[in-house]
Number of protein chains: 2
Amino acid sequence: MKMDEKDRLIVRLLREDARMPVSELSKRVGLSGPSTGDRMRRLEANGIISRFTVDLDLEALGYPLQAIVRIKPRPGNMHVVEDMIMNEPGFVDCDKVTGDDCFVTRLVLRSIADLDPVLLPFHDRAETNTAIIKSSPLRGRIPV
Amino acid sequence: MKMDEKDRLIVRLLREDARMPVSELSKRVGLSGPSTGDRMRRLEANGIISRFTVDLDLEALGYPLQAIVRIKPRPGNMHVVEDMIMNEPGFVDCDKVTGDDCFVTRLVLRSIADLDPVLLPFHDRAETNTAIIKSSPLRGRIPV
DNA sequence: CATGAAAGTGTAGACCC
DNA sequence: GGGTCTACACTTTCATG
C-alpha cells in the first residue's frame, strides 16, 4: 500500500491520541471529515494500523521495576521452558531469537525481591541472564 | 489508585479497541454512559492509561525483519554510542541496563542486507551482539 | 451512579473534478 | 479514483436527582 504525506500525518496524530475525533483530525490534516475517515479505515484495512489501543503505565499498575531476562533452555527443555514463560504473567514480552540465547524476555516486577522466586523454577531447565532496566530512552519509535 | 473489576474490564476492552464508543463500552461493563466515561477519564488522569494510541504493523510498513542488538560501549564512549542509537531510526526500542551490556535495543530492518551498514559505525566504539528475531510469542501482555 | 435534553460527532448518499 | 457537501442517526456531555 502506498502512503502519502497526509496518511503519514494521520498515523502520527493517531499515535498521540487515538480517540481524536475525525472532525479534528480532518482540520489538522487539511481534508474533509469523510475523506479523513475513509483514509483512517483504509489504513486499518490494509494492516498499517494493526489496532487502536491504550498504553498502560506499568509503574502506576504497581510494577516499578523491569528486567531483560535472556533464557537458554538446556537440551530437550525448549517447549517446557516456553510454556513456563507463558504461564508466568510477569513476562510481558518474549522474543524467540537465533544465536546462543533462545528467548529474550521482558519481566515486570513489584520489587526486586520478586526476581528470585520468578526465576528459580527455571534453573532446573535453563540458563538465565538477567539485566535490570535503569531507563528506557526509546520505546516504540516509528522507523523513518 | 484502587481499581475494581469494572475498571479492569474497561482497560481490557480499550486495549482491544481504543475507539470503542463509551455507549458500547458502558453496555459491556454494565454501567451507564456517564459513569463509564467518568471512569475512563479517571483512569487516564491517574496515569494508569498513559495514552490512547495505535499499534502499527512494522511488516506492513516495509520492515519484515527485527533483531535484538546488545551494545556495550568501550570506555569513554557511553554518550556517543547513546547518541548514535538515537540517530539511527531503525532502533525502535532501547533499554539501558545493569550488567555487562549497557544497551539492549530492538532494531527493525527492510532486509538482512541492511544489518551490516547499520552496525558498522558502532564497531569503533562498542561491542555488539545481534540476535535475529524468529518470532515474538508475547508482545505487551498485561501482568495479572 | 442514573436519567434526559442539548451539543457535538460520524457516516451514507449524491455530486464534482 | 479521490474529494466535498449535506443531512440524519448516533454519541457524548452536562445538569439534576
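Below, chain A is the first sequence line, B the second, and so on; all start at residue 1.
When the C1' atom of D:dG1 is taken as reference, atom CG of A:Asp7 falls 14 Å away, rounded to whole Å. At whole-Å resolution of the value, NZ in A:Lys2 and P in D:dG1 are 11 Å apart. Regarding B:Glu24, its CD atom lies at a distance of 15 Å from the C1' atom of C:dG10, rounded to whole Å. At whole-Å resolution of the value, CG in A:Leu25 and C1' in C:dT9 are 13 Å apart.
The environment of B:His123 atom NE2 is dense: over 12 non-hydrogen atoms of other residues, nucleotides or ligands sit within 6.0 angstrom.
Distances shorter than 4.0 Å separate some side-chain N or O of A:Ser23 from OP1 or OP2 on C:dG10.
Checking B:Arg19 against B:Asp4, the closest nucleotide of DNA chain C that is more toward the 5' end is the one next to B:Asp4.
Among A:Arg41, A:Arg39, A:Lys2, the one residue that satisfies the salt bridge (Lys or Arg N to Asp or Glu O under 4.0 Å) test with A:Asp7 is A:Arg39.
Side-chain contact between A:Arg70 and A:Phe103: absent, with no pair of heavy atoms (C-beta onward) separated by less than 4.5 Å.
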Listing, residues 47-66 of chain B side-chain donor-acceptor contacts under 3.5 Å, not counting sequence neighbours, or none:
{"unit_1": "B:Ser50", "atom_1": "OG", "unit_2": "A:Asp55", "atom_2": "O", "d": "3.1"}
{"unit_1": "B:Arg51", "atom_1": "NE", "unit_2": "A:Asp55", "atom_2": "OD2", "d": "3.1"}
{"unit_1": "B:Arg51", "atom_1": "NH1", "unit_2": "A:Arg15", "atom_2": "O", "d": "3.3"}
{"unit_1": "B:Thr53", "atom_1": "OG1", "unit_2": "A:Arg15", "atom_2": "O", "d": "2.8"}
{"unit_1": "B:Asp55", "atom_1": "OD2", "unit_2": "A:Arg51", "atom_2": "NE", "d": "3.0"}
{"unit_1": "B:Asp57", "atom_1": "OD1", "unit_2": "B:Glu59", "atom_2": "N", "d": "2.8"}
{"unit_1": "B:Asp57", "atom_1": "OD1", "unit_2": "B:Ala60", "atom_2": "N", "d": "3.3"}
{"unit_1": "B:Tyr63", "atom_1": "OH", "unit_2": "A:Val144", "atom_2": "O", "d": "3.0"}
{"unit_1": "B:Tyr63", "atom_1": "OH", "unit_2": "B:Arg110", "atom_2": "NH2", "d": "3.2"}
{"unit_1": "B:Gln66", "atom_1": "OE1", "unit_2": "B:Arg106", "atom_2": "NH1", "d": "2.9"}

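Annotation: proximity of residues 28-50 of chain B to DNA chain D (heavy atom, distance under 4.0 Å) is found for B:Pro34, B:Arg41, numbered in ascending order.
Between the side chain of A:Ser35 and the backbone N or O of A:Leu31, no donor-acceptor pair lies under 3.5 Å.
With no hydrogens or angles considered, no side-chain donor-acceptor pair links B:Ser23 and B:Ser26 at under 3.5 Å.
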